[in-house]
Participant: 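Here it is: the structure, laid out below.
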Amino acid sequence: MSQELLYWQALNRAMDHEMAADDSVFTLGEDVGLYGGSYRVTEGLYAKYGEWRVRDTPISENGFTGLGVGAALVGMRPVVEIMTINFMLLALDSIVNGAAKIPLMSGGRLKVPLVVRVPGGIARQLAAQHAQRLEHTLMNVPGLRIAVPSTPQDAYWQLRQAIASDDPIILLEHELLYFTKGPVDFAAEAPPMHRAIVRRQGRDVTIVSYSRHAVLAQDAASELAKEGIEAAVIDLRSLKPVDWDTCAASVEKTHRLLVVEEDCRFAGAGAEISAALTERCFYSLDAPVQRLAGLDIPTPYNGALEAASIPQIADIVAAARQLCQAASESKAA
Amino acid sequence: MSQELLYWQALNRAMDHEMAADDSVFTLGEDVGLYGGSYRVTEGLYAKYGEWRVRDTPISENGFTGLGVGAALVGMRPVVEIMTINFMLLALDSIVNGAAKIPLMSGGRLKVPLVVRVPGGIARQLAAQHAQRLEHTLMNVPGLRIAVPSTPQDAYWQLRQAIASDDPIILLEHELLYFTKGPVDFAAEAPPMHRAIVRRQGRDVTIVSYSRHAVLAQDAASELAKEGIEAAVIDLRSLKPVDWDTCAASVEKTHRLLVVEEDCRFAGAGAEISAALTERCFYSLDAPVQRLAGLDIPTPYNGALEAASIPQIADIVAAARQLCQAASESKAA
Amino acid sequence: MERETLHRMLRDMLLCRAFEERAAEEYSKGNIVGFLHLYPGEEAVAAGVINAAGPSDYIVSNYREHGHALVRGTPAREVMAELFGKATGMSRGMGGSMHMFDPERRFMGGYAIVGQTCPIAVGIAYAVAMRGLPEVVICFLGDGAVNQGTFHESLNMASLWRLPVLFVCENNHYAIGTEIHRHSAVPEVFKRVAAYNIPAEKIDGMDVLKVHEATKHALERIRRGGGPQFIECETYRYRGHSMADPGTYRPAVELKAYQSWDPIAAAIRDVEFKYPTPEELAEVGSDNVKLFVDHLIDGEHLAAADVEEMKQDVQKIVDDAVQFALQSAKPTMDSAMDYLNHAHRHEVLM
Amino acid sequence: MERETLHRMLRDMLLCRAFEERAAEEYSKGNIVGFLHLYPGEEAVAAGVINAAGPSDYIVSNYREHGHALVRGTPAREVMAELFGKATGMSRGMGGSMHMFDPERRFMGGYAIVGQTCPIAVGIAYAVAMRGLPEVVICFLGDGAVNQGTFHESLNMASLWRLPVLFVCENNHYAIGTEIHRHSAVPEVFKRVAAYNIPAEKIDGMDVLKVHEATKHALERIRRGGGPQFIECETYRYRGHSMADPGTYRPAVELKAYQSWDPIAAAIRDVEFKYPTPEELAEVGSDNVKLFVDHLIDGEHLAAADVEEMKQDVQKIVDDAVQFALQSAKPTMDSAMDYLNHAHRHEVLM
Ligand SMILES: Cc1ncc(C[n+]2csc(CCOP(=O)(O)OP(=O)(O)O)c2C)c(N)n1
Ligand SMILES: Cc1ncc(C[n+]2csc(CCOP(=O)(O)OP(=O)(O)O)c2C)c(N)n1
Ligand SMILES: [Mg+2]
Ligand SMILES: [Mg+2]
């Protein structure tokens, strides 16, 4: 039933399936049409659906994102692609002051079924202006929902769910995941869009992560297993809302929590995860929640420094190991 | 030595003193000149310093903030006023991709001595598009510094310090504080810009807050004292960096921490404060850190709902009381 | 023009005027709070433009939009109740003065970020064009909004794809306290529009007949496939920018000049700034409403007595609206949460 | 024109060409990583514009700026080392291809957000004007950048306050894969500038002499107090948008047309998209460098042998730059933290 697809291909199929099923779905963004999309997500759609449904835009981020908001108000289901998240800073007014606020501001008289797709994260030496994450900025905006698929299957599911939803939803795609492969089953029933998934069960420590770092966390867990440390790995899949229940259930079992994120540590996504789960699981915790995160520095261009600025597999292993040690020492004491 | 001034007047004097002392200081923004500033902060400066140093701009937030960045690169000390923080969403590219990144991106070859002054927070029924806080958005940006004065004296000190600094600094001013009064001593030596101040010593619980809510927290502490609860109140004064030492010292004494903020709870400023202090003080805490914050909702226009959407004094009192009870119960158990 | 249309336009203008003057009063009493931007002086634009539109056309407006909603047909009760923050308001008390919505009348809001009306209107127009419908989107914006980047981006896209949108610039010469020649390098707004290959004209925004005429033609051109059009209406606001603004930056003589229907002399810019006293306002000559009334009476479309009756009618409507607003229930936090989440009520989130 | 200037311009163009071709090679070898936007085809713009500027003028550029830095005088070693991410690079390995800075030569960067050069240049110009200095700021931008709101906001302010800034639009007809008539409602960029009351002209950006001449005059006008000026240089990039872009969206015949100095026929838009093969590239006629070489030889400003010598010279410079870059040390994280915090090194924070 399932086939092996690259992450971008899974997104591409999701777009195609939704566009075929509903002619109010259309996509727009820089070079999504004739050029086929910077990361190929919209490849082939221009030829199939024509320029009105696959619209190449000028470099006018706030303008065309706002266009998406307007179209959504009258029943269209626009999928705006912002070429990379770095340029979303220019479009935040349309997203925050527009899409996120209109449902409440209109007293529930309008809906904004908008999807904003954005590649982001730290890729390969793209330097400070092209290597950032705005997870936290978006999380703090009431009225938005945020999905962060880490596998081709989730990418397929969550993009379709986002398009089908009547809420404004941001899909954060990771630039280094586009060319990763995985099985995709088009027919399988999707879990709810914001449900976290336990990628690996564990006994000793819970690692909560999302997007590309959820994949790294699984690799780290395999390493840890060799040392006898059984780490549970939870892939959040969604940053707003967060599926606290799934996380808390694991923390209550492992008594230790490591939050791994690519976002800058200070006021990053991990801050909320750490704070909320501490509030909830305080009395089950053997040690304070640890956050492993990006350094608080604009990303340097040099490759070695870039790599050192975000958590790597070895860092995750070390942090989990230390957390287990610290917790057992404090327990013993 | 000190005189009673309104918050806006203290800012006005700070501007005047810095402009008189250094002719590379200039200010720009919508209606800062002829009109005298929306909250009067620049009143009288246009007449005194002329249009080049007090520049009325078109409604072009990203443009004139970027202008400030450019001018700062060649040794000027621009003070950009964004009329309210709601419009800063349009200027974030200049702040985040510009001001914050240039020092690192240029390999330390350029400085950005820029100050961005912004009124913000929840005022009186200004509704969703004029009643928001972007504290968390800004906190997550490496390269920025953020000051949040809550008193006229701090407003005076911190604006002068911000202008004197060679870093890009955001001064978040609260719209409901402009017409509050307090003593200002122009000659007194200022504490370091990012030092937190213990506004009230306490034994039972530490309340950490900032900006207008630091004032409310002091009122709440007075109430609590009547019930026999001695709450320490810490006014952070700065959101980036945060003075963790001052906070931790108090938490280690009181064993309980309540974080009070106007920002939306989910991924608000309080998330970082809670997470970081828990990491640091975990073993001294008798109960999980509590966050009292704004509801996760765009601010409704209706006055009663607006008030209910952010913590009020009574809420702070109740939360602190409950925290003290919960902690002693769990200790007793 | 049909007698009916003339009457309707006058009635609309009178209603707007009476409504806004009353809103100012209610603001002083504390029944209305927050930013309140009033429309007196500019009524001819709303009445002329919106009365030229059809029921399936869309309207997108900014924070100075009470008049636009009233002319579009939203009952004064719902507009006033919204200002009072009541559950019966057009935005259920959630939006207030700056965020009024009436989707049933295709009145799509109510946006308080300067320039934001442009991309939203262009987006609605994109949907219309994609569907091949004969509808037009009317987008209001101020002279100050022209300097916002979004304006530029939106006009380029509207023109590039020939979208059915009519931009109406209400040029009242000020962005809060900053006069147009101090915020725009080219103060003739319509000339700036040449950069987008969009037909643009400047008209006298104090003359409702001219506004109506120009709008009618522009809408026809759009419906014939002529792509976006732009109308600059020269107008003036008699009050400060909002109730929080005393308007002291404007010379009294300038205000009077507009109200008495004289062209503004260039000289007045140097006059000392001072907001007119109530006495000065009272002694002022005809304004856009007066102009139209005179025209209708002179042309025997209407008798003076009819005008008086109309004034009394709209006054009653406004009084009733205030009563309604006062007596209406307040919204609850539960309803607010419902509005926030209404779009995903039937979706399984987790 | 002085012989020296002619020689310098040719040398600059040859250096840019050789440098970029080598950078492409080093990219393929993995010595350079990330986005690499190359300049071949557009050399006449950098050489013509920057050689007309004085040493105290400022340059602000975007992500396709290696050529601009080289012409400005930054040693090829420092430019190459930056591409290699080394501590000896002009941005100490922190910025890379898109973020090159050389403040000592008033080369103010290197910005990768499309449109961002505009407000930054305008800000520097504001400082110059406020100080009453005779300096000018040169702001480079692409044809795609014209649609960014920031462009609009910046030009309005520059004009309003008559700031000393020269905008140079490098119109290579494409924003990545989107051709200008598909991204701009008015594809003649210089015409759009009328909206700001800024003198604007379009010139042949493949002819370095015309570029130099136009720049000289524009700078003179600015220094005489004429306010901002705008030059649109029509040019073409021979390669894809960046090394990540195969450029398959452009018809081979279009590319050839530019390289062989023919005007583009309107017809070519319909030709099948295909990136030219190396063979096709090889058989192509003269390009902007060739054009200038021919002119210099025909005018007896230079002998063919001189050109060969020059080519060898610049090749040596480029080889040396690569050696230097290879041998240079990598930056450390400590240095990165120092750069981040260098501005507050002497300040007590807490
Ligand atoms: C982006 C943004 N910047 C600033 C403001 C504050 N503001 C509200 S109205 C206004 C003036 C707008 O002038 P104009 O467009 O001429 O409209 P008018 O009020 O004259 O009708 C300003 C600056 C805002 N609401 N949005
Ligand atoms: C704000 C922003 N949006 C999108 C991009 C991605 N991008 C990089 S270059 C480019 C095309 C720019 O075209 P143009 O201005 O014509 O310059 P050229 O590359 O042709 O020199 C785009 C869309 C960006 N860097 N910044
Ligand atoms: Mg105006
Ligand atoms: Mg281009």
Participant: So which residues of residues 336-343 of chain C are in contact with chain A at a heavy-atom cut-off of under 4.5 Å?
Facilitator: Ala336(C), Tyr339(C), Leu340(C), His342(C), Ala343(C)

Participant: Highest number of heavy-atom pairs under 4.5 Å with chain A: which of Gly96(C), Gly115(C), Pro103(C)?
Facilitator: Pro103(C)

Participant: If you look at every heavy atom in Gly63(A) and Pro119(C), which pair is closest and at what distance?
Facilitator: O-CB, 3.6 Å

Participant: On the 0 to 90° scale, with breaks at 30° and 60°, tag the Tyr126(C)-Trp52(A) ring pair as parallel, tilted or perpendicular.
Facilitator: tilted

Participant: Would you say the side-chain atoms of Arg92(C) pair up with the backbone N or O of Arg109(A), donor to acceptor, closer than 3.5 Å?
Facilitator: no

Participant: Find the one option among Arg131(C), Met108(C), Met100(C) whose heavy-atom pairs under 4.5 Å with chain A are most numerous.
Facilitator: Arg131(C)

Participant: At a heavy-atom distance under 4.5 Å, which candidate from Ser165(A), Ala164(A), Ser238(A) has the highest pair count against chain C?
Facilitator: Ser165(A)

Participant: Side chains of Arg55(A) and Met157(C), heavy atoms from C-beta outward: is any pair under 4.5 Å?
Facilitator: no

Participant: Hey, are the side chains of Asp166(A) and His346(C) touching, using non-hydrogen atoms and a 4.5 Å cut-off?
Facilitator: no

Participant: For chain C, which candidate among Val69(A), Leu110(A), Thr57(A) shows the most heavy-atom pairs at distances under 4.5 Å?
Facilitator: Leu110(A)

Participant: Distance check, rounded to the nearest 0.5 Å: Ser91(C) atom OG versus Ile102(A) atom CD1?
Facilitator: 11.0 Å

Participant: So which of Gln116(C), Met130(C), Met94(C), Glu82(C) has the largest heavy-atom pair count under 4.5 angstrom toward chain A?
Facilitator: Met130(C)

Participant: Is Phe151(C) in contact with chain A via its backbone, its side chain, both, or neither, using a 4.5 Å heavy-atom distance?
Facilitator: neither

Participant: Quick one: are Arg106(C) and Val74(A) in side-chain contact, heavy atoms under 4.5 Å?
Facilitator: no

Participant: Who among Leu73(A), Asp245(A), Thr246(A), Asp93(A) has the most heavy-atom pairs with chain C under 4.5 Å?
Facilitator: Asp93(A)

Participant: With heavy-atom distances below 4.5 Å as the criterion, would you say the side chains of His344(C) and Arg145(A) are in contact?
Facilitator: yes

Participant: Given the rule in the side chain to side chain contact (heavy atoms under 4.5 Å, CB included) test, do Asp167(A) and Leu349(C) qualify, once you have shown the distances and angles that lead to the verdict?
Facilitator: CA-CA 11 Å; Asp167(A) 268 344; Leu349(C) 291 190; 5.6 Å; no

Participant: Side chain from CB out, backbone as N, CA, C, O: work out which of these in Met90(C) comes under 4.5 Å of a heavy atom of chain A, or both, or neither.
Facilitator: both

Participant: Report which part of Leu155(C) has an atom under 4.5 Å of a heavy atom belonging to chain A: side chain, backbone, both, or neither.
Facilitator: neither

Participant: So what's closer than 4.5 Å to chain C heavy atoms on Val242(A): side chain, backbone, both or neither?
Facilitator: backbone

Participant: Quick check on Ile113(C) against chain A: is it the side chain, the backbone, both or neither that has a heavy atom closer than 4.5 Å?
Facilitator: side chain

Participant: Does the side chain of Trp161(C) reach to within under 4.5 Å of the side chain of Leu67(A), using non-hydrogen atoms?
Facilitator: yes

Participant: If you tally heavy-atom pairs under 4.5 Å against chain A, which of Ile124(C), Val122(C), Val128(C), Leu160(C) wins?
Facilitator: Ile124(C)

Participant: Which atom pair, heavy atoms only, marks the closest approach of Ala127(C) to Met76(A)?
Facilitator: CB-CG, 3.3 Å

